[in-house]
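Chain A is the first sequence line, chain B the second, and so forth, proteins listed ahead of strands; every chain is numbered from 1.
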Amino acid sequence: MPELPPRFNFTEVETKWCSYWEKHQTFHATPNPNKKPYTIVIPPPNVTGILHMGHGLNNTLQDIIARYKRMNGFETCWMVGTDHAGIATQNVVEKQLAKEGKTRHDIGREEMLKRLWAWKEEYGGTIINQLKKLGSSCDWQRLRFTMDEGYSQAVKHVFVELYKKGLIYRGKYIINWCPRCQTALSDEEAEHQETQGHLYHIKYPFKDLNNQFVTVATTRPETMLGDTAVAVHPTDERYRNLIGKTLILPILNREIKIIADDLVDPTFGSGAVKVTPAHDPNDFMMGTRHSLKFINIMNPDAILNEAAGKFAGMDRFKARSALVEELKNLELLTKIEPHTHAVGHCYRCHTVVEPYLSKQWFVKMKPLAQPALKAVIEGTVKFHPDRWTKVYLNWMEGIRDWCISRQIWWGHRIPVWYCATCPEPIVSEITPEKCPSCGTTNLQQDEDVLDTWFSSWLWPFATFGWPSLKTNPQSQTPDHPMDDLNYFYPTASLFTASEIIFFWVARMVMAGYEFMGQAPFKDVYIHGTVRDAKGRKMSKSLGNALDPLEIIREYGADALRFSLIMNSGQDLFISKEKFEGGRNFANKIWNASRLVLLNTKPENKTIVRPPTSSDLDLPSQWIIAKFGLTLTAVSEAIEQYHFSEAENLIYDFFWKNYCDWYLEIIKNKFSDDKIQQTAFFILKQSLKMMHPFMPFVTEELWQNLTQSNTPLSLSSWPQPQTNALTTNALTEMDTLIKIISEIRNIRAQWNIKPNEHIDCHFATTNTIEKSLLINNQGTIESLLKLKSFQLHDDLPAIQDAVVGMVNSIKFVLPLGELVDIQKEKTKMRQDILTSEKSAAGILQRLSNENFVSKAPADIIEKEQARLNGLKQKISELNEVLRNLK
RNA sequence: GGACUCAUAGCUCAGCUGGUUAGAGCGCUGCCCUCACAUGGCAGAGGUCGUAGGUUCAAGUCCUACUGAGUCCACCA
């Protein structure tokens, strides 16, 4: 057997196992009637994406549960793939084109699509390869893309179905328009940011009243060029008599009327609002109600058009300042005040979004929201932590129709054709040859593509073969063959960041109910945001982003995973040094395993269960019991999605219990077969328990431990089961640990050099304690570097000694001139004093009638026991003090 | 404007249904290169749990108000 180096060489090990797992399809899942399915989806990363810490956290969490479930007997399928990310991908390729001095319109749609696909073929796998480096146990054989053939079929099918049900319609409305991407956006894609702007107060003169004006206020003065009315509240006394009067719109000198509408808030500004029906959603509503003219003053690129008069050809912001200048000259601008308001920005390019009137396709959301609301209210779908439930419900209750058409080329083309002569659009999954009404072949397909999220929301079932496969309750019975869809759908848990609750999570629930008749998942775990040490969101533009791949190179993937989870409370504050913790722990596991491997004979490596406790020494009994307790607690924590708690338990067990106590104790007793077996067995079990958290180091060590010619991945082994507990060992070992710690403390306090051996006298009359000391004499001697070990019934009077006590075991260390006896006595008196104080406190509580009558019995018992313990301690300490010379 | 979250050791956070003496990691101090590991070992210092009230036999934990930090949602121009 090759000897293991003293450092865990993670780079080599990670490369080896990544390719091994993939080559052997370790994580490939197929319908298996003898196993329960456990299906996982994660947000399919954008093809344009590169791995960031958010992915790191998301994948680690998901991978822990995946590996854990797999090792607990579930047929675990982690569906993975990429999202075509319409706008983002098109932007990337457009930038390439721009380097050649071209736009997509120069090369045309067909050529552009060729380039897009070429880009996808070349770079689309980047993020997937990066996910592999994290150790994500995805079902790589099932890799999907939201624009692959089957998936496209699903998208078309959904569009046609919803259209048939009357849930998809086309219409001219005010939508969020990105002038840079030149496409419509959904409400969710317009990110509102608090912006410091201005409120401009402008005087509009009356046509028939000289020198009289109505003052309106606006944050976007350039939109006045599209004004077709001024509105006031119908009950506003100031304006009541002016309703219906005509104003002259400055600059353009258009006549506009004063109208009355409830929408106007009489307390804001002057109480009069300019109405621009083509450039503001509220004004649009008023415009519709009052049959106003809709004047569009902008081209799709936010350059003002001929309707803007002399401002035509100017960009909207240039036009704004030019127009403000002009109004100043005309003395129509009464004031400009600072004004903070939320301005929408494109979520892809951060350009200020323009409310823009255009013809788009929409999904009617209210009917889809009903079952999705019910599912969460009734707990069929649960959010973790629970507070996200309210966020979801709030959005779902106030849901508005979803604008799904995008004026870009990369995406699913809208499956609608228009006939040159007939008004009815042809909505079809397959390309129609001729118009069904008039028979003409002169058909034009809708130019637009669908919102990327219109495909993402189908992910949990479109990836399992829907709509070719349909839900079939019969196929879930053992007598009928199972297909992927019926076996793997619905999925179990979903891990994601809060940013995409609305984009993706909520819409998946709606699609799940609409097309599959049931929720797509049971649990939604919302994890925190990864931030830098100062709490700022990690972002490329800020330059504060830590690259997970760099961390993997420097500290290892196990370290990355471990440290991310260790730090995941709510949001995570991460700096590079945090990964040292994970690296050190991986190295600790590595070296503990080296020690055990080095000292275990081959025949002792084959055991499948630990030696029975009656044959065993106390530390071995203890470590077996501790492991059982830890495993149970870890499993519980994972099931409740308390990952950092689970990791803490593991860390504490392995490092503190197994390494610092157990291995230190048995180090020089390794020749004992039973001890070898126990140490080896617990190590193996620990590796299994730790594998979901740190898959690489555990896998590598497992293979070294098992030495099989045909290695079976550790992730395919079942998790250990909990053993019955020997509780005596737990309390006895506890006492032993306390004694050793106390005496070590004394050694440190009196500056006794580590190599100096000292005498120690123990005294107790308790037979259990006596045998504890006798049975573990060797351990005590070696860990405490004792010269002599003596056991008495009563404490001998020894000069210049330090005395301590654990339970009723007293110990005396004759330290001679090393110790200042007066100081020691003072310390003991102090100890007695504090004990007396807390005893008094308990006594008071116990004599409180209210406490005794209202507190539960076990609490009272505990208090009583504590009091007794203290009393005994006080009297013993006093006695020791008297004997101390 | 509405909703939510957080405030505990120098730093980052645990503390799950209220119940002993509030925990961990990092950092800090002292002693150790002990033949698995200095990415290590042993020991230690450090907290009146943001402020003010309240409920309770009992509050870091529940309630109210306040202060401070942050997040999300919203068509007040």
Kindly point out which of [options] is positioned nearest to the side chain of [X]?
{"X": "A:Thr219", "options": "B:A3, B:A77, B:A36", "value": "B:A77"}
{"X": "A:Ile859", "options": "B:A43, B:G19, B:A74", "value": "B:G19"}
{"X": "A:Tyr651", "options": "B:G25, B:C76, B:G19", "value": "B:G25"}
{"X": "A:Lys753", "options": "B:A36, B:A77, B:C31", "value": "B:C31"}

How would you label the contact of [X] with the nucleic acid (heavy atoms, under 4.0 Å): base, sugar-phosphate, or nothing?
{"X": "A:Glu664", "value": "base"}
{"X": "A:Lys578", "value": "sugar-phosphate"}
{"X": "A:Trp655", "value": "sugar-phosphate"}
{"X": "A:Asn394", "value": "nothing"}
{"X": "A:Phe268", "value": "base"}
{"X": "A:Arg7", "value": "base"}
{"X": "A:Asp660", "value": "sugar-phosphate"}
{"X": "A:Asn587", "value": "base"}
{"X": "A:Phe284", "value": "nothing"}
{"X": "A:Lys656", "value": "sugar-phosphate"}
{"X": "A:Pro856", "value": "base"}

Taking any strand in view, what nucleotide pairs with [N] in a Watson-Crick or G-U wobble way, both distances under 3.5 Å?
{"N": "B:U61", "value": "none"}
{"N": "B:C49", "value": "none"}
{"N": "B:G23", "value": "B:C13"}
{"N": "B:U55", "value": "none"}
{"N": "B:G70", "value": "B:C4"}
{"N": "B:A77", "value": "none"}
{"N": "B:C31", "value": "B:G41"}
{"N": "B:A36", "value": "none"}

Euclidean distance for [atom1], [N] against [M] (whole angstrom):
{"N": "B:C33", "M": "B:G70", "atom1": "C1'", "value": "47 Å"}
{"N": "B:G41", "M": "B:C35", "atom1": "P", "value": "14 Å"}
{"N": "B:G60", "M": "B:U8", "atom1": "C1'", "value": "7 Å"}
{"N": "B:U21", "M": "B:U39", "atom1": "C1'", "value": "34 Å"}
{"N": "B:C28", "M": "B:U17", "atom1": "P", "value": "36 Å"}
{"N": "B:C75", "M": "B:C66", "atom1": "P", "value": "28 Å"}
{"N": "B:A22", "M": "B:C13", "atom1": "C1'", "value": "14 Å"}
{"N": "B:A7", "M": "B:G50", "atom1": "C1'", "value": "6 Å"}

Give the rounded distance in Å between these two atoms: [atom1] of [X] and [atom2] of [N].
{"X": "A:Leu572", "N": "B:C11", "atom1": "CG", "atom2": "C1'", "result": "16 Å"}
{"X": "A:Glu636", "N": "B:C16", "atom1": "CD", "atom2": "P", "result": "15 Å"}
{"X": "A:Asn648", "N": "B:C26", "atom1": "CG", "atom2": "C1'", "result": "13 Å"}
{"X": "A:Asp187", "N": "B:C75", "atom1": "CG", "atom2": "P", "result": "7 Å"}
{"X": "A:Glu188", "N": "B:A74", "atom1": "CD", "atom2": "C1'", "result": "13 Å"}
{"X": "A:Met396", "N": "B:C72", "atom1": "CE", "atom2": "C1'", "result": "16 Å"}
{"X": "A:Trp590", "N": "B:A36", "atom1": "CH2", "atom2": "P", "result": "16 Å"}
{"X": "A:Phe503", "N": "B:C72", "atom1": "CZ", "atom2": "P", "result": "12 Å"}

From the options A:Asp227, A:Asn282, A:Leu357, select the one residue that forms a side chain to side chain contact (heavy atoms under 4.5 Å, CB included) with A:Thr276.
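That would be A:Asp227.
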Quick one: which of A:Leu263, A:Asp262, A:Asp261, A:Thr267 gives a side chain to side chain contact (heavy atoms under 4.5 Å, CB included) with A:His233?
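Among A:Leu263, A:Asp262, A:Asp261, A:Thr267, the one meeting side chain to side chain contact (heavy atoms under 4.5 Å, CB included) with A:His233 is A:Asp262.
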Which of parallel (below 30°), tilted (30 to 60°) and perpendicular (above 60°) describes [X] and [Y]?
{"X": "A:Tyr555", "Y": "A:Phe579", "answer": "tilted"}
{"X": "A:Phe562", "Y": "A:Phe585", "answer": "tilted"}
{"X": "A:Phe362", "Y": "A:Tyr173", "answer": "perpendicular"}

Hey, does the side-chain of [X] have a donor or acceptor N/O within less than 3.5 Å of a partner on the base of [N]?
{"X": "A:Asn282", "N": "B:C75", "result": "yes"}
{"X": "A:Lys588", "N": "B:C37", "result": "yes"}
{"X": "A:Arg866", "N": "B:U21", "result": "no"}

Please enumerate all residues that pass side chain to side chain contact (heavy atoms under 4.5 Å, CB included) together with A:Asp187, with sequence neighbours excluded.
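A:Asp187 satisfies side chain to side chain contact (heavy atoms under 4.5 Å, CB included) with A:Asn176, A:Arg400 once adjacent residues are dropped.
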Audit row: A:Phe284, A:Phe294, ring pair (Phe, Tyr, Trp, His ring centres under 6.0 Å) steps and yes/no:
CA-CA 8 Å; A:Phe284 176 81; A:Phe294 293 73; 5.4 Å; yes
Would you say the side chains of A:Glu577 and A:Ser575 form a donor-acceptor pair under 3.5 Å?
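The answer is yes; a qualifying pair exists.
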For RNA chain B, whose closest nucleotide is more 5', that of A:Thr340 or that of A:Asn751?
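With A:Thr340 and A:Asn751 compared, the 5'-side residue is A:Asn751.
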On RNA chain B, does the nearest nucleotide to A:Cys659 precede the nearest nucleotide to A:Arg583 from the 5' side, or the other way round? Give the residue.
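The residue whose closest nucleotide sits nearer the 5' end is A:Cys659.
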So does A:Glu647 pair up with A:Arg561, basic N to acidic O under 4.0 Å?
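Result for this pair is no, no salt bridge flagged.
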Gap between atom CZ of A:Phe653 and atom CD1 of A:Ile623 - 0.5 Å precision:
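So the CD1 of A:Ile623 and the CZ of A:Phe653 are separated by 4.0 Å.
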Could you tell me the separation between the CG atom of A:Leu786 and the NE2 atom of A:His757, rounded to the nearest 0.5 Å?
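Separation between the atoms: 9.0 Å.
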Identify, residue by residue, the members of residues 831-841 of chain A with a heavy atom below 4.0 Å from RNA chain B, and return them in order of residue number, or none.
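Within residues 831-841 of chain A, no residue comes under 4.0 Å of RNA chain B.
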